[in-house]
Participant: 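Below is a structure I'd like to ask you about.
Note that the coordinates shown come from a computational prediction; the quantities given were computed from them, not determined experimentally. Atoms within a ligand are numbered from 1 in the order they appear, just like the ligands themselves.
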Amino acid sequence: MNFKKKDDLRNKLKGRHILIWGSRMTGIGFSRFVSNNGFKAIGFIDSDFALTGKKVHNLPIYQPNSIACLKKKYKRLVVVVAVSIKEDEIVDTLKGMGMTAGDYVRYSDYCGHFYTIDVSGTCNLKCPSCAHTMSSIKNKKGFMTLDDFKRIIDKVLKENELVTHISLYSWGEPFLHPELNRIIKHAHSMGIATAVSTNLSIASSRQIEKIVKSSPDYLKVSLSGYYPAVYNTTHSGGDINLVKSNLYKLRYFIDKFASSIFVEVNYHLYKNNTGIDLAKMQELCHELEYTISSCYANITPIERLIDYCEGNLDDNTKNFLELLLVSIDKGLEITKPYRNLPCRFLTNQININWDRSVPLCCVCYDSRSSTISNNYLIDSLEEILLNKKNHIQCQKCLEYGFPPYLLGVNQKEWNTEANLNLN
Ligand code: SF4
Ligand code: SF4
C-alpha cells in the first residue's frame with residue numbers, strides 16, 4: 001500500500017490555516033483527520049443557509065462570501081473542498097474568487113471512495129416512499145455483527161489510503177442495532193468519524209443514552225410533520241410524539257455527557273406539511289439548538305421508479321404520489337439537462353449491507369438484481385469496482401434519467417415548481 005498521497009496532503013496542510021468547505025459528513029470526517037494530525041482548522045464553509053452561524057465540533061460555519069475576509073485575516077489560508085457531490089461547482093466558485101491551485105485542495109484527490117455500512121438491515125417504520133414498502137422485494141433482514149464490522153473496517157483501511165468517515169445507514173434504521181454504540185466507538189478508535197441517520201421513533205431511552213454517550217459525529221433525524229395526523233401519512237408506523245420526546249431526551253443526554261454531536265433534523269417536504277407543522281418543528285429545533293434543513297420528498301428505490309415509468313406502480317404508491325411537491329415527471333424534466341453527467345452514486349461510493357453483501361449503489365434495493373458481491377470480506381476492492389462497471393441495472397436507470405433526479409440537481413427549478421404547487 002502506497003501512502004505517499006496521504007503524506008502529500010499532510011505537506012500541503014502543514015503550517016496553513018485550514019478552512020473546510022463542506023460541513024456535513026465528508027467535511028466532518030476530514031476535520032477528524034485535521035485534528036488527528038495536529039493541524040489547525042479555523043472553520044467550515046457551507047452554502048446551505050440552514051447551517052449558517054452554527055458550529056460543528058466547536059468550529060463556526062461560514063457562508064462562501066466570508067472567504068475573501070478570512071483570506072485577508074489568515075495569510076496562509078487553504079480551503080479544503082470536502083464534499084461528496086458538487087465538488088466541481090465549488091472549485092469553479094473558488095476560481096471565480098481568484099483562488100489558484102495552491103489556495104485550495106480537492107479532498108477527493110486523496111480519499112477515493114466514500115463508504116456506507118448499513119449496520120441494520122431492517123426498519124421499524126413503513127414509509128410509503130421507501131424501499132421497505134415494496135411488497136415485491138423480499139430482502140433478508142438482520143443486523144451486522146460487531147465482529148464483522150471490525151473486519152470490514154480493517155479491510156476498508158487496508159484497501160484505501162485515506163478513509164476519515166463512514167456512514168452507518170442506508171436503508172436500515174441504525175438505532176435498532178443493539179450494539180450501535182460499540183460500532184461507533186470502534187470506528188472512532190480507528191480514526192474514523194461516523195454518521196448516523198434515524199427516524200428517532202425509538203421506544204428505548206436507554207438505547208438513545210448509550211448512542212449519545214458513544215458520540216457519533218453527525219446525527220440526522222428524518223421526519224415529516226409535527227402533529228400525528230400529518231406525520232402518519234408519510235412516516236407510517238412511527239409516532240411523532242415519541243420522536244418529539246426523544247428530541248428532548250437527545251438534548252438532555254448530549255448536555256449530560258458533553259457529547260460533540262452535530263444534530264440535523266431533516267424535514268421531508270410534502271404538500272400537506274409545509275404550514276403549521278413545519279413552523280412548529282422549526283420552533284422546537286430552535287429551542288433545542290438543532291439545525292433544521294428540508295428536502296423535497298421523492299420516491300425510492302430505483303426499482304419503484306422503474307415500475308412508475310413502466311406503468312406498473314401499485315395502488316398505494318399511486319395514491320401517495322399526490323403528496324409530492326414535485327411530481328416524478330416534473331422532477332425528471334427539471335433534471336433532464338444533467339443526464340449526461342457521470343452518476344455520482346456509481347463513481348465514488350461503496351455500500352456494504354449488514355450481511356456483508358455489496359449492492360451496486362445506495363438507491364438500488366432488490367438484492368436479487370443489484371448485488372455485486374456476496375461478501376465484501378472476500379472480494380477485493382478491484383473486483384467490486386469491476387462488477388459495478390456496465391451493470392445491467394444502470395442501463396434503464398440512466399435511460400430514464402434517475403441519478404440527477406434522485407440527487408435533486410437544479411434546485412432552483414425544484415423550488416419554483418414546489419412554490420407553484422403550494423400557491
Ligand atoms: S424510517 Fe427511513 S428507512 Fe424506515 S421506512 Fe421510513 S424512510 Fe424507510
Ligand atoms: S446509474 Fe442508477 S443504478 Fe447505476 S449506480 Fe447510478 S443510480 Fe445506481
Side-chain angles (χ1 to χ4, degrees), residues 84-85 113-114 116 118-135 137 139 141 167-177 196-202 220-225 231-240 242-243 246 265-268 270 295 297-306 309 316-317 320 332 335 338-351 353-354 358-367 369-372 384-385 387-409:
S84 59
I85 49 174
H113 304 284
F114 297 122
T116 290
D118 204 6
V119 295
S120 166
T122 186
C123 186
N124 51 336
L125 268 59
K126 289 264 174 223
C127 305
S129 61
C130 178
H132 287 288
T133 45
M134 281 200 76
S135 56
I137 302 179
N139 287 356
K141 294 184 191 309
S167 298
L168 299 173
Y169 62 94
S170 183
W171 294 108
E173 169 50 61
F175 270 48
L176 297 180
H177 196 301
V196 178
S197 173
T198 176
N199 56 49
L200 209 61
S201 187
I202 300 294
K220 178 157 83 175
V221 180
S222 294
L223 42 76
S224 54
Y231 176 87
N232 291 344
T233 57
T234 44
H235 268 80
S236 311
D239 179 344
I240 190 62
L242 177 62
V243 176
N246 283 340
V265 172
N266 187 240
Y267 194 95
H268 300 196
Y270 290 93
C295 63
N298 58 20
I299 295 286
T300 59
I302 290 293
E303 291 85 348
R304 184 178 258 141
L305 285 166
I306 291 174
C309 289
N316 278 347
T317 316
F320 177 76
L332 290 172
T335 52
Y338 304 87
R339 285 186 189 178
N340 55 349
L341 295 176
C343 171
R344 297 300 287 180
F345 297 111
L346 185 70
T347 48
N348 68 358
Q349 60 165 248
I350 304 281
N351 298 273
N353 290 327
W354 68 273
V358 180
L360 172 62
C361 67
C362 67
V363 284
C364 290
Y365 182 65
D366 193 339
S367 60
S369 52
S370 65
T371 301
I372 55 169
I384 289 169
L385 293 176
N387 291 345
K388 275 188 163 204
K389 276 193 182 159
N390 306 319
H391 194 281
I392 188 145
Q393 185 89 338
C394 294
Q395 287 171 13
K396 264 193 189 174
C397 177
L398 291 169
E399 206 176 287
Y400 287 125
F402 296 150
Y405 164 73
L406 288 169
L407 285 170
V409 298

Participant: What is the closest protein heavy atom to atom 8 (Fe) of ligand 1, and at what distance does it sit?
Facilitator: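 Sorting protein heavy atoms by distance from atom 8 (Fe) of ligand 1 puts C130 SG, 2.3 Å first.
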Participant: If you count the atoms of ligand 2 from 1 in the order shown, which ones are under 4.0 Å from a heavy atom of C364?
Facilitator: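 Result: 3 (S).
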Participant: Is any side-chain heavy atom of H391 closer than 4.5 Å to one of I372?
Facilitator: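 Yes, close enough: below the 4.5 Å cut-off.
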Participant: Starting from atom 1 (S) of ligand 1, what is the nearest protein heavy atom, named by residue and atom, and what distance separates them?
Facilitator: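 So the nearest neighbour among protein heavy atoms is N199 ND2, 3.4 Å.
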Participant: With side chain to side chain donor-acceptor pair (under 3.5 Å) as the criterion, how do N199 and N124 come out once you've worked through the C-alpha distance, each side chain's angles and the decisive distance to 0.1 Å?
Facilitator: CA-CA 9 Å; N199 56 49; N124 51 336; 3.0 Å; yes
Participant: Just jot down the ligand 2 atoms closer than 4.0 angstrom to any heavy atom of L360, in number order.
Facilitator: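 Those of ligand 2 that fall under 4.0 Å from L360 are 3 (S), 4 (Fe).
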Participant: Which of the atoms in ligand 1, numbered in the order shown and given with their element, are less than 4.0 Å from a heavy-atom of H132?
Facilitator: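 Matching atoms, with element in brackets: 3 (S), 5 (S), 8 (Fe).
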Participant: C397 heavy atoms, cut-off 4.0 Å: which ligand 2 atoms fall inside?
Facilitator: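 With C397 as reference, the close atoms of ligand 2 come out as 1 (S), 2 (Fe), 3 (S), 7 (S).
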Participant: Relative to the heavy atoms of W171, which atoms of ligand 1 are at a distance of less than 4.0 Å?
Facilitator: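 In order of numbering, the contacting atoms are 3 (S).
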Participant: Could you check whether any side-chain heavy atom of L168 comes within less than 4.5 Å of a side-chain heavy atom of H177, counting everything from C-beta outward?
Facilitator: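 Side chain of L168 against side chain of H177, heavy atoms only: no contact under 4.5 Å found.
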Participant: Below 2.8 Å, any N, O or S contact between C394 and atom 4 (Fe) of ligand 2?
Facilitator: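 Here the distance criterion (N, O or S atom, under 2.8 Å) is met by C394, so yes.
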Participant: Right, does atom 6 (Fe) of ligand 1 have protein non-hydrogen atoms nearer than 4.0 Å?
Facilitator: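 True for atom 6 (Fe) of ligand 1.
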Participant: Is any side-chain heavy atom of Y267 closer than 4.5 Å to a side-chain heavy atom of L223?
Facilitator: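 In short, these two side chains touch, coming nearer than 4.5 Å.
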Participant: Below 2.8 Å, any N, O or S contact between C123 and atom 8 (Fe) of ligand 1?
Facilitator: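 It does not; every qualifying atom lies at 2.8 Å or beyond.
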Participant: Between E173 and T198, is a side chain to side chain donor-acceptor pair (under 3.5 Å) present by the stated rule, with each step listed?
Facilitator: CA-CA 6 Å; E173 169 50 61; T198 176; 2.8 Å; yes
Participant: For D239, does its backbone N or O pair with a side-chain atom of S201 as donor and acceptor, under 3.5 Å?
Facilitator: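 Judged by distance alone, yes, a pair lies under 3.5 Å.
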Participant: Under 6.0 Å from the CG atom of N340, do we count more than 12 heavy atoms belonging to anything else shown?
Facilitator: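 Atom CG in N340 is crowded, with more than 12 foreign heavy atoms closer than 6.0 Å.
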Participant: Could you grab the distance from atom CD1 of I306 to atom CG of D366, nearest 0.5 Å is fine?
Facilitator: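 Going from CD1 on I306 over to CG on D366, the span is 10.0 Å.
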Participant: Give the atom numbers and elements of ligand 2 that come within less than 4.0 Å of a heavy atom of C343.
Facilitator: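 Near C343, the atoms of ligand 2 are 1 (S), 5 (S), 6 (Fe), 7 (S).
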Participant: Return yes when E173 approaches ligand 1 closer than 4.0 angstrom through a heavy atom, no otherwise.
Facilitator: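 The answer is no, since E173 has no heavy atom less than 4.0 Å from ligand 1.
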Participant: In terms of atom number and element, which parts of ligand 1 are under 4.0 angstrom from non-hydrogen atoms of L125?
Facilitator: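 Counting atoms of ligand 1 from 1, those under 4.0 Å from L125 are 1 (S), 5 (S).
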Participant: Are any non-hydrogen side-chain atoms of R344 and Q349 less than 4.5 angstrom apart?
Facilitator: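 Sidechains of Q349 and R344: no contact.
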Participant: List every atom of ligand 2 that sits less than 4.0 Å from any heavy atom of V363, numbering the atoms from 1 in the order shown and giving each element.
Facilitator: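 Ligand 2 atoms under the 4.0 Å threshold to V363: 7 (S).
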Participant: Using a 4.0 Å cutoff against the non-hydrogen atoms of L398, which atoms of ligand 2 qualify?
Facilitator: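 What qualifies from ligand 2 is 1 (S).
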Participant: Determine whether I240 and N232 make a side-chain contact, defined as any pair of heavy atoms from C-beta on separated by less than 4.5 Å.
Facilitator: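 Counting from C-beta outward, I240 and N232 never come under 4.5 Å.
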